Amino acid sequence: MKINYQKVMENTIKGFNGEKKKLLIHSCCAPCSSYVLEYLQDYFEITVMFYNPNMIDEEEFEKRYEEQVKINAAMREEINLVKIPYQPEAFYKAVKGLEHIPEGGLRCKACFGLRLNEAAIYASEHGIEYFTTTLSISPLKNSSVLNELGQEIGEAHDVKYLVSDFKKKNGYKRSVELSKENSLYRQEYCGCIYSKVERENQIKENEKMT
């Protein structure tokens with residue numbers, strides 16, 4: 001049976017009875033985190049972790065980080081921000097042998113696991129009760145894969161994973177609106193060299209058909 005992760009998250013939050021819990025949010029980028037922060041700031045004391053070793057190069061990494069600083073500052077509530085230095089070697093090690101698998105497959109799952117594991121470790125070491133990721137807001141990301149991974153990793157590090165499907169309730173649409181309102185840099189690809197090449201090839205194919 002398909003799980004409505006948005007509903008599960010709503011019921012989890014309802015169970016807090018108005019008490020704000022501590023939450024670590026792994027952010028892949030400012031546009032994706034915009035709606036997530038807007039939505040969750042009323043229910044949690046939020047720390048955002050910017051850990052994205054999959055970025056194509058350090059220039060792209062730093063550009064996206066600065067946009068994260070901008071969107072955090074735009075929120076009504078204070079949002080803590082943790083920046084994990086650019087570590088491309090961790091990404092390439094995690095996806096070794098999976099380089100040619102299409103976007104959305106096992107390579108992406110390995111990348112998700114790498115980043116979620118780092119978030120779980122940080123949350124556990126800093127007494128943060130819950131952790132989650134902004135990744136489920138993307139229409140191209142499989143929320144079931146993300147949530148199953150998150151829960152498995154959370155159990156391994158004794159920290160709760162906040163299941164989510166942030167694209168629900170027009171979450172993705174709202175993230176696009178917030179990106180425009182805040183003049184955020186919105187990229188055409190996920191972040192790694194493989195997603196960039198795949199996206200460029202898709203654009204070329206679309207141009208041939210027009």
Side-chain angles (χ1 to χ4, degrees), residues 24-37 47-74 79 81-122 131-143 145-146 149-150 153 164 166-167 171-172 175-176 178-180 182-208:
L24 179 74
I25 301 176
H26 161 261
S27 174
C28 55
C29 63
C32 286
S33 68
S34 59
Y35 165 73
V36 177
L37 295 177
T47 296
V48 168
M49 169 184 278
F50 191 84
Y51 173 61
N52 296 295
N54 59 314
M55 291 296 104
I56 191 169
D57 55 36
E58 193 159 11
E59 181 180 358
E60 182 70 15
F61 176 87
E62 292 296 339
K63 187 172 184 178
R64 296 196 193 193
Y65 174 73
E66 290 305 318
E67 295 299 281
Q68 187 68 55
V69 172
K70 184 194 297 185
I71 196 62
N72 278 26
I79 307 292
L81 179 57
V82 175
K83 178 186 181 184
I84 306 299
Y86 182 53
Q87 301 168 353
E89 64 281 357
F91 168 70
Y92 289 113
K93 181 179 179 181
V95 303
K96 188 175 181 179
L98 305 171
E99 294 89 347
H100 302 295
I101 293 179
E103 195 77 358
L106 290 177
R107 187 187 69 242
C108 292
K109 185 177 180 179
C111 182
F112 298 159
L114 172 67
R115 291 184 282 174
L116 285 171
N117 191 66
E118 186 73 16
I121 291 171
Y122 187 93
F131 78 108
T132 194
T133 180
T134 62
L135 286 163
S136 72
I137 200 169
S138 170
L140 302 177
K141 300 294 188 292
N142 188 315
S143 61
V145 170
L146 286 165
L149 261 177
I153 290 169
S164 66
F166 292 117
K167 68 180 71 66
Y172 177 73
S175 74
V176 173
L178 286 167
S179 295
K180 290 179 180 178
N182 292 279
S183 301
L184 296 178
Y185 161 59
R186 194 175 185 89
Q187 57 285 340
E188 290 289 333
Y189 62 100
C190 182
C192 72
I193 181 60
Y194 312 114
S195 64
K196 186 175 189 291
V197 170
E198 188 168 321
R199 178 57 179 157
E200 288 174 346
N201 289 337
Q202 288 174 349
I203 292 172
K204 289 177 182 177
E205 287 300 315
N206 291 338
E207 289 174 346
K208 289 179 183 178

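Quick caveat, the model's predicted, so the values are computed rather than measured. In what follows, every heavy atom counts, from backbone to side chain, and hydrogens, waters and symmetry copies are set aside.
- Counting all heavy atoms, side chain and backbone alike, C190 lies closest to N54 at SG-ND2, 4.4 Å.
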Fill in: Worked check of side chain to side chain donor-acceptor pair (under 3.5 Å) between T134 and S33
CA-CA 6 Å; T134 62; S33 68; over 6 Å; no
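- Closest approach of K167 and P139 over heavy atoms only: CE-CA, 3.7 Å.
- Judged by distance alone, the side chain of R64 and the main-chain N or O of C29 form no donor-acceptor pair under 3.5 Å.
- Between F91 and Y194, the angle of the ring planes lies from 30° to 60°, which puts this pair in the tilted group.
- C28 contributes atom SG, which lies 7.5 Å from atom CE of M55 (distance to the nearest 0.5 angstrom).
- Under a 3.5 Å cut-off, the side chain of D57 and the backbone N or O of E59 do form a donor-acceptor pair.
- Rounded to the nearest 0.5 angstrom, T132 OG1 and M49 CE are separated by 13.0 Å.
- The stretch residues 81-94 participates, sequence neighbours left out, in these side chain to side chain donor-acceptor pair (under 3.5 Å) pairs: E62-K83.
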Item to complete: Decide yes or no on ring pair (Phe, Tyr, Trp, His ring centres under 6.0 Å) for F61 and F50, but give the supporting numbers first.
Response: CA-CA 9 Å; F61 176 87; F50 191 84; 5.2 Å; yes
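- How far SG of C32 is from NE2 of H26: 10.0 Å, rounded to the nearest 0.5 Å.
- Judged by distance alone, the side chain of E99 and the main-chain N or O of G97 form a donor-acceptor pair under 3.5 Å.
- Side chain of E67 to main chain of Y185: a donor-acceptor pair is present (N/O by atom type, distance under 3.5 Å, no hydrogens or angles).
- For I101 against L106, the heavy-atom pair with the smallest separation is CG2-N, 3.8 Å.
- For I56 against Y189, the heavy-atom pair with the smallest separation is CG2-OH, 3.5 Å.
- Between the S164 side chain and the F166 main chain, no donor and acceptor come within less than 3.5 Å of each other.
- Residue I153 holds its CD1 atom at 9.0 Å from CG of L114, rounded to the nearest 0.5 Å.
- Between L146 atom CG and L135 atom CG the span is 5.5 Å, to the nearest 0.5 Å.
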Worksheet entry | side-chain contact (heavy atoms from CB on, under 4.5 Å) between L116 and F131, intermediate numbers included | CA-CA 9 Å; L116 285 171; F131 78 108; 4.1 Å; yes
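- Closest approach of N72 to L37, counting heavy atoms only: OD1-CD1, 3.4 Å.
- In this structure, the side chain of N182 engages the main chain of L178 through a donor-acceptor pair within 3.5 Å.
- The shortest side-chain heavy-atom distance between Y65 and N52 does not fall under the 4.5 Å cut-off.
- Looking only at side-chain heavy atoms (C-beta outward), T133 and R115 stay at 4.5 Å or farther from each other.
- Rounded to the nearest 0.5 Å, atoms CG (N142) and CG (L140) are 11.0 Å apart.
- Listed by chain and number, the residues in a side chain to side chain contact (heavy atoms under 4.5 Å, CB included) with C108 are E103, F112 (sequence neighbours excluded).
- Within the 3.5 Å criterion, the main-chain N or O of L149 finds no donor-acceptor partner in the side chain of K109.
- For R186 against P31, the heavy-atom pair with the smallest separation is NH1-CB, 3.1 Å.
- Salt bridge absent: K70 and E66 never bring a charged side-chain N and a carboxylate O closer than 4.0 Å.
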